[in-house]
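Quick caveat: nothing in here was measured; it's all calculated off a predicted structure. When a ligand or atom number is given, it counts from 1 through the structure's own listing order.
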Amino acid sequence: MYIRIAEVTKINSEDKLIETTIGPISYDHLVLAQGATTSFFGLENIEKYSQPMKSVIEALEILNTILHNLEDSLVNKDLDRVDELSNIVIVGGGATGVELAGALAEMKRYVLPKDYPELDCSRIRIILLEASSRVLGGLSEISSVKAEKFLTKLGVEVVKNTQVVDYNGTTIFLKDKEPIKTRTLIWAAGIKGNIISGLSNDINTRSLRITVDEFHRVKGYKDIYALGDIACMITDSTPYGHPQVAQVAIQSARNLATNLINEKSGKPLIRFKYFDWGTMATVGRNKAVVDLKFIKFQGVLAWFTWMFIHLRSIFGVKNKILILINWIWSYITYDQSLRITFLPKDFRLRR
Ligand SMILES: Cc1cc2nc3c(=O)[nH]c(=O)nc-3n(C[C@H](O)[C@H](O)[C@H](O)COP(=O)(O)OP(=O)(O)OC[C@H]3O[C@@H](n4cnc5c(N)ncnc54)[C@H](O)[C@@H]3O)c2cc1C
């Protein structure tokens with residue numbers, strides 16, 4: 001097996017070649033697994049001024065923005081400006097938005113008063129905007145209701161049935177509602193496939209996922225497969241494809257690997273069947289929701305279940321132990337042991 005870190009810029013299916021930033025590479029079988037990125041639904045200003053959260057780098061940028069805005073607010077006398085710097089608005093009440101809102105609410109409650117004793121934390125508003133009538137729309141009704149209750153208890157303002165129409169970097173404009181002043185708009189509302197040019201546009205769904213059959217074969221192409229977030233396997237039981245979660249990607253990869261071996265040895269191919277272990281989301285300390293096939297539960301037990309499952313997925317025993325120790329430490333102390341902000345060399349605070 002060879003690994004090359006490079007960007008694939010074009011697929012040439014006729015010559016069985018991919019063009020990459022380190023030159024062309026030929027293939028016998030091509031497996032596309034380039035995942036998904038943030039969709040701003042064509043809202044250019046939101047793309048320009050908001051902050052997405054699809055990667056670790058973007059998550060660090062969000063943390064930097066929040067901390068620096070709060071630092072700026074400390075030296076500002078104008079209260080309107082202080083509010084603008086303190087308000088944090090998250091758009092999208094899916095798992096990312098809900099988990100982030102909960103984490104920020106806990107940071108406001110437990111971490112910021114210690115780190116910034118002079119900061120008036122009561123001025124910090126954490127607002128979660130959701131276009132539909134409930135948060136965690138992909139989970140059961142009971143889990144949605146409970147998650148919203150957890151968020152409200154933590155001090156998050158959950159605003160449903162609300163659509164963002166524009167943002168100019170300091171004010172969010174909403175459809176039929178009053179605008180909100182903020183310098184921190186976190187966009188967790190949309191997802192679209194990372195498209196690589198070269199294949200026909202006809203294979204793409206509206207959200208730019210690649211249509212595949214039940215063996216992950218890209219429709220209309222020989223020896224090209226797609227899996228994970230980029231793939232959309234439309235069947236009678238999955239009219240919108242599978243959910244874009246890690247388990248689908250992992251199980252798809254196993255199925256395709258088996259089929260590629262089977263094909264080589266002349267054995268029959270196996271149709272992909274997703275086994276849904278369930279869905280969960282954590283809102284904060286002792287607050288999570290878990291939807292399994294036959295049982296749904298929320299609260300402390302759900303939170304420990306979430307921790308156990310995620311700890312199991314951490315790579316390597318050493319990492320598992322270190323993360324567990326970190327979690328226990330944070331649980332006891334209500335604090336993180338490390339504070340780092342990552343800044344470009346020429347960074348200056350905005351005032
Ligand atoms: C904030 C957040 C939280 C999540 N939490 C959960 C969770 O708790 N549980 C869960 O099951 N799922 C969760 N997910 C979803 C999960 O991360 C995805 O379903 C999973 O990572 C999909 O795997 P993938 O291999 O298809 O794509 P990815 O993991 O996105 O990997 C795709 C890779 O392809 C690279 N790439 C893209 N374009 C190119 C190109 N042209 N050339 C070369 N490389 C390219 C990308 O840089 C990336 O490294 C979360 C997602 C986000 C954003």
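Put simply, atom 9 (N) of ligand 1 has no protein non-hydrogen atoms near it, under 4.0 Å away. In this structure, atom 23 (O) of ligand 1 is in close contact with the protein, since a protein heavy atom lies within 4.0 Å of it. Closer than 4.0 Å to atom 48 (C) of ligand 1 lies none of the heavy atoms of the protein. Protein non-hydrogen atoms do reach within 4.0 Å of atom 15 (C) of ligand 1. Under the 4.0 Å distance rule, the nearest protein heavy atom to atom 51 (C) of ligand 1 falls outside the cut-off. Under the 4.0 angstrom criterion, atom 42 (N) of ligand 1 counts as having a protein heavy-atom contact. For atom 12 (N) of ligand 1, the protein comes within 4.0 Å by at least one heavy atom. Under the 4.0 Å distance rule, the nearest protein heavy atom to atom 6 (C) of ligand 1 falls outside the cut-off.
One finds the CD atom of Gln244 at 6.0 Å from the OG atom of Ser207 (value rounded to the nearest 0.5 Å). Rounding to the nearest 0.5 Å places CZ of Phe41 at 10.0 Å from CD1 of Ile46. Interatomic distance, Ile186 CD1 to Thr184 OG1, rounded to the nearest 0.5 Å: 6.5 Å. With rounding to the nearest 0.5 angstrom, the CD1 atom of Ile210 is 6.0 Å from the CG atom of Leu199. To the nearest 0.5 angstrom, Gln251 atom CD is 8.0 Å from Phe275 atom CZ. One distance of note links NZ of Lys16 with CD1 of Ile224; it measures 8.5 Å at 0.5 Å rounding.
At a 3.5 angstrom cut-off on N or O pairs, Thr96 does not count as close to ligand 1.
Phe150 and Trp303 have their aromatic ring centers separated by at least 6.0 angstrom.
Under the 3.5 Å distance criterion, the side-chain polar atoms of Lys181 are left unmatched by any main-chain donor or acceptor of Glu84.
For atom 31 (O) of ligand 1, the closest non-hydrogen atom of the protein is Ala33 O, 4.1 Å. The closest protein non-hydrogen atom to atom 40 (C) of ligand 1 is Val8 N, 3.7 Å. Closest to atom 27 (O) of ligand 1, if we only count protein heavy atoms, is Gly35 CA, 3.5 Å. Nearest non-hydrogen protein atom to atom 18 (C) of ligand 1 is Asp229 OD2, 3.3 Å. Looking from atom 46 (C) of ligand 1 to the surrounding protein, the closest heavy atom is Gln34 O, 4.2 Å.
The shortest distance between side-chain heavy atoms of Tyr274 and Thr238 does not fall below 4.5 Å. Side-chain contact between Asn45 and Asn168: absent, with no pair of heavy atoms (C-beta onward) separated by less than 4.5 Å. The shortest side-chain heavy-atom distance between Ile203 and Tyr221 falls under the 4.5 Å cut-off.
Of all the heavy atoms of Ala6, the ones lying under 4.0 Å from any atom of ligand 1 belong exclusively to the backbone. The part of Ala249 lying near ligand 1 is the side chain, judged by heavy-atom distances below 4.0 Å. For Ile196, every heavy-atom contact with ligand 1 shorter than 4.0 Å involves the side chain, none the backbone.
For ligand 1, the atoms sitting less than 4.0 Å from at least one non-hydrogen atom of Met53 are 1 (C), 53 (C), numbered in the order shown with element in parentheses. Heavy-atom contacts of Gln244 reach the following atoms of ligand 1: 15 (C), 19 (O) (cutoff under 4.0 Å). Those atoms of ligand 1 that come under 4.0 Å of a heavy atom in Gly228, given as number and element, are 26 (O). Residue Glu7 approaches ligand 1 through these ligand atoms, each under 4.0 Å from one of its heavy atoms: 40 (C), 41 (N), 42 (N), 43 (C). Remark: ligand 1 atoms within the under-4.0 Å shell around heavy atoms of Lys54 are 53 (C). Taking a cut-off of under 4.0 Å to the non-hydrogen atoms of Asn194, the atoms of ligand 1 that pass are 37 (C).
Under a cutoff of 6.0 Å and an axis angle of 45°, Arg209 and Tyr240 do not form a cation-pi pair. Cation-pi geometry between Lys48 and Phe40 is not met at under 6.0 angstrom from the ring centre and within 45 degrees of the axis.
The shell of residues lying under 4.0 angstrom from ligand 1, judged by heavy atoms, includes His310. In this structure, Ile230 falls outside the shell of residues with a heavy atom less than 4.0 angstrom from ligand 1. Ligand 1 has no atom lying under 4.0 Å from any heavy atom of Ala59.
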For the pair Phe215 and Arg271, evaluate side-chain contact (heavy atoms from CB on, under 4.5 Å) and give the outcome as yes or no after the intermediate values. CA-CA 6 Å; Phe215 304 96; Arg271 262 171 227 284; 3.7 Å; yes
Can you check side chain to side chain donor-acceptor pair (under 3.5 Å) on Tyr49 and Asp166, steps first, answer last? CA-CA 10 Å; Tyr49 297 115; Asp166 207 355; over 6 Å; no
